[in-house]
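Report on one structure; see the data block that follows.
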There are 2 protein chains.
Amino acid sequence: MNKTRILIIEDNDDIRESTAEILELAGYEVMQAENGKIGVEVATRNLPDLILCDIMMPELDGYGVLYLVNKNSQTAATPFIFLTAKAERLDMRKGMEMGADDYLTKPFDDVELLNAIESRLSKKEKLQQFYSQSLDRLTHLLGNTPGIAELHKMIAGRKVRTVKKKQVIYYDGDTVSGIYLVLSGKVKTTKLSEDGRELLTGIYSSDEYFGVPALLLNEPYTEAAEALEDSTICLLPKEMMEELLNKYPAVGKQFIQILSNNLIEKEEQLLQLAYHSVRKRMAEVLIRLCNREERSERSERGERLERTERSKVGTRQDREESSKKNNEHPDSLEQSTGLILKVSRDNLAAMAGMATETVSRILSDFKDEEIIERKGSQIVILDQLRLKNMKN
Amino acid sequence: MNKTRILIIEDNDDIRESTAEILELAGYEVMQAENGKIGVEVATRNLPDLILCDIMMPELDGYGVLYLVNKNSQTAATPFIFLTAKAERLDMRKGMEMGADDYLTKPFDDVELLNAIESRLSKKEKLQQFYSQSLDRLTHLLGNTPGIAELHKMIAGRKVRTVKKKQVIYYDGDTVSGIYLVLSGKVKTTKLSEDGRELLTGIYSSDEYFGVPALLLNEPYTEAAEALEDSTICLLPKEMMEELLNKYPAVGKQFIQILSNNLIEKEEQLLQLAYHSVRKRMAEVLIRLCNREERSERSERGERLERTERSKVGTRQDREESSKKNNEHPDSLEQSTGLILKVSRDNLAAMAGMATETVSRILSDFKDEEIIERKGSQIVILDQLRLKNMKN
DNA sequence: CGGATAGTTGAGGGGGGTCAATGGCAGTGG
DNA sequence: CCACTGCCATTGACCCCCCTCAACTATCCG
């Protein structure tokens with residue numbers, strides 16, 4: 001096997017050369033660049049396996065490098081680690097949100113450096129493997145017309161980004177660089193009203209796209225996106241999408257379906273907000289969440305054959321799944337009593353457009369009426385039917 | 001010029017033959033069919049210029065004939081007149097809603113018959129001419145990529161349907177036969193809540209499509225559509241749309257844009273319904289209506305050169321336009337004070353999701369504050385800015 | 001184990017829905 | 001021409017739903 005090749009972009013000669021030395025001793029092949037511009041050139045020409053990059057640099061700063069590297073499909077999947085002085089911590093978050101994979105604060109010692117690099121390289125491999133599974137799943141589910149296959153090939157080449165719970169992926173008003181696909185975890189999109197209350201406009205889990213309408217309209221986002229739990233997502237850049245849309249009608253049809261579904265759902269929600277009591281709205285929100293849950297459960301079950309090796313990756317996640325299975329087997333029908341939802345009151349309130357206190361009160365009522373049960377902050381749905389027939 | 005060719009479909013031999021005789025005397029070329037099945041065959045083979053058709057027939061009834069004739073693109077644009085016994089009046093409405101152009105109640109005399117036929121033939125010509133103008137307009141506006149041109153060619157071949165104010169075009173739950181394009185007039189789509197209150201989900205005027213998501217999802221309508229004023233619309237059947245979508249990415253892109261826009265607008269409305277006071281919501285609804293008005297006004301103005309002959313067709317409509325122009329010229333800026341809106345309180349209430357009484361009250365307040373003025377049941381917008389900055 | 005964060009419960013008040021009565025306006029028929 | 005009728009818009013009275021504020025309790029985390 002070839003040596004792993006690392007590119008260091010750093011304007012300070014001392015730091016760059018000493019770092020390079022450490023890495024060479026550790027058995028890596030090292031390339032050096034003394035500013036961002038050169039760095040990008042080297043990256044595109046030599047396609048390193050990993051990039052270390054300073055933020056503060058003349059000519060082109062670290063953000064610029066990251067942006068350009070991500071834009072180029074050949075280098076986009078390359079792990080990218082920021083090197084940064086301690087004072088720049090705040091800017092770091094921005095860097096992470098732009099798609100950097102990790103960061104090291106200067107001064108760093110040898111161990112830190114090598115650890116970060118190795119963990120990143122191994123993680124990349126794992127994620128790549130994991131993602132290729134969910135890709136298979138997608139392909140499997142959606143059939144395999146010419147355009148869709150291209151779409152998936154494109155997804156395959158993209159960098160997988162991990163976001164932590166509560167991390168913001170984009171803000172309302174940000175310019176759009178592409179469309180996002182959730183590989184694992186959950187992401188919510190929200191709109192803020194002037195007085196600061198938020199409305200949850202969508203929840204997206206595995207295999208779902210978000211940020212779609214903004215991309216296709218070529219306008220800034222009209223909503224913010226935030227991870228509900230630790231998630232892995234994948235950015236499909238605008239240029240690629242447009243090319244695919246222009247070439248393959250099937251891709252367009254795919255998105256038309258998604259948009260149409262969304263639209264109808266939103267109209268239903270409008271009706272509910274307009275004329276239904278909080279009580280009924282709460283019930284409807286719970287049902288929406290149940291349906292999501294059942295759907296994703298079903299799609300997971302359908303795949304269980306082909307990926308028994310997944311247990312190597314997920315640990316906590318698998319425990320959850322088995323606990324769900326217990327509650328699911330007693331009656332194997334759709335009408336599954338005992339579905340567990342994990343949502344904060346705040347998110348429930350933001351979905352139904354009401355105050356968190358009201359959510360609390362209504363859930364208490366539901367519990368008294370034995371429609372639901374509370375397990376800590378989780379909600380167990382006992383009687384979907386009564387939720388569906390909730391009077392106004 | 002060739003003789004105009006008329007097809008009579010009628011199972012009663014006496015009526016059919018006597019009618020045929022009258023028509024031949026009047027100089028038409030006549031074809032006869034003694035039941036629906038034969039009628040459809042003759043229609044597709046000989047492509048008559050007009051079809052007269054009984055409703056109650058063995059083998060295939062009038063509705064069936066109409067359905068099949070409309071489905072075939074070669075015959076879809078042929079004027080279609082129902083012949084019906086007096087007792088069947090109620091069924092008639094159904095026939096008209098399905099796309100018949102007129103009906104005659106048996107027994108009818110010669111004059112009635114010939115009048116109906118001639119008026120229909122001349123109207124067809126006028127409409128065809130008018131529509132080809134709005135087609136030009138569309139093509140002009142949207143550029144002329146390969147797919148779009150096909151789309152317009154298709155529109156050109158379609159029958160134009162006229163609907164009267166308050167006439168329902170489709171109901172919630174109806175199966176979808178195609179997508180609608182408004183050529184003139186205004187159409188609203190509404191959803192009904194269980195307790196009968198309605199929410200207005202969209203208003204569509206010239207050159208806008210409605211019924212889009214239902215078609216593209218292949219599911220029944222989730223809303224009802226009704227004409228707000230006398231309108232002309234055009235149905236683009238499902239099969240054709242699918243073919244175009246599969247062939248031309250540009251067509252798909254077009255609809256993606258429409259859907260995305262709709263989606264973002266709906267999300268904005270969700271936010272408003274969730275957290276804004278009725279007062280602010282009312283202001284927002286008025287602004288939405290103003291924007292629509294200004295937009296359609298602008299697109300009309302852009303075209304005024306190419307269609308001076310239009311005054312032959314519209315009479316009432318043109319008077320409206322000139323009255324608008326008076327209120328528009330004083331300041332030629334966008335910020336036009338004095339925009340006139342014609343909406344019923346009920347529709348306003350349905351748009352904002354509140355009670356009509358509340359609409360009344362708020363409009364009264366706005367009038368006191370000199371933000372609007374009332375001219376009969378019309379509303380004159382005096383101060384858009386204050387509407388936009390309405391506090392919550 | 002505190003300190004923070006998330007969730008629950010109570011009291012109070014106002015925004016906006018409901019019901020009902022009245023006022024305007026257009027269409028209809030005498 | 002007016003009276004009659006029916007529909008739509010307006011206004012008032014009432015009161016209930018749900019939001020706000022506030023205090024309290026549970027849960028999670030270092």
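Just so it is clear: chains get the letters A, B, ... in the order the sequence lines come, proteins before strands, and each one is counted from 1. Small disclaimer: the values here were computed from a predicted structure and weren't measured.
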Residues A/E229, A/K166: salt bridge by 4.0 Å N-O rule: no

Using whole Å, what does the distance between atom P of nucleotide D/dC7 and atom CG of B/D346 come to? 13 Å

Polar side-chain atom of A/T356 near backbone of A/A349 as donor-acceptor pair, under 3.5 Å: no

Between D/dA9 atom C1' and B/Q378 atom CD, what is the distance in whole Å? 15 Å

Which is true for B/T356 with a 4.0 Å heavy-atom rule: it touches a base, it touches only sugar-phosphate, or it touches nothing? nothing

Quick one: list whatever passes ring-ring contact (aromatic ring centres under 6.0 Å, His included) with B/Y170, sequence neighbours left out. B/Y180, B/Y221

Check for a donor-acceptor pair, side chain of A/R374 on one end and backbone N or O of A/V380 on the other, with a separation under 3.5 Å. no

B/R345 side-chain proximity, nearest of C/dC19, D/dA9, D/dC21: D/dA9

Rounded to the nearest angstrom, tell me the gap between atom NZ in A/K280 and atom P in D/dC18. 13 Å

Atom CG of A/L348 and atom C1' of D/dC18: how far apart are they, to the nearest Å? 17 Å

Does D/dT10 have OP1 or OP2 under 4.0 Å away from a side-chain N or O of B/R374? yes

Between P on C/dT18 and OH on A/Y275, what's the gap in Å once rounded to a whole number? 10 Å

A/R292 (side chain) donor-acceptor with A/I203 (main chain) under 3.5 angstrom: yes

Value in whole Å for how far the C1' atom of C/dG24 lies from NZ of B/K375: 18 Å

No-hydrogen, no-angle side-chain donor-acceptor test under 3.5 Å, B/S193 and B/D195: yes

Using 4.0 Å as the upper bound for N to carboxylate O, is an ion pair formed by A/R345 and A/E357? no

What are the residues of residues 362-373 of chain A, sorted by number, that bring a heavy atom to within less than 4.0 Å of DNA chain D? none

Under 3.5 Å, side chain of B/K280 to main-chain N/O of B/M390, donor-acceptor pair present? yes

Counting N and O atoms only, with roles assigned by atom type, does the side chain of A/E208 sit under 3.5 Å from a partner on the main chain of A/S205, one being a donor and the other an acceptor? yes

Contact list (N/O, under 3.5 angstrom) for nucleotides 11-16 of chain C vs protein:
from: C/dG16; atom 1: OP1; to: B/V278; atom 2: N; distance (Å): 2.8

I need the CD-P distance between A/E357 and C/dG7, as an integer number of Å. 12 Å

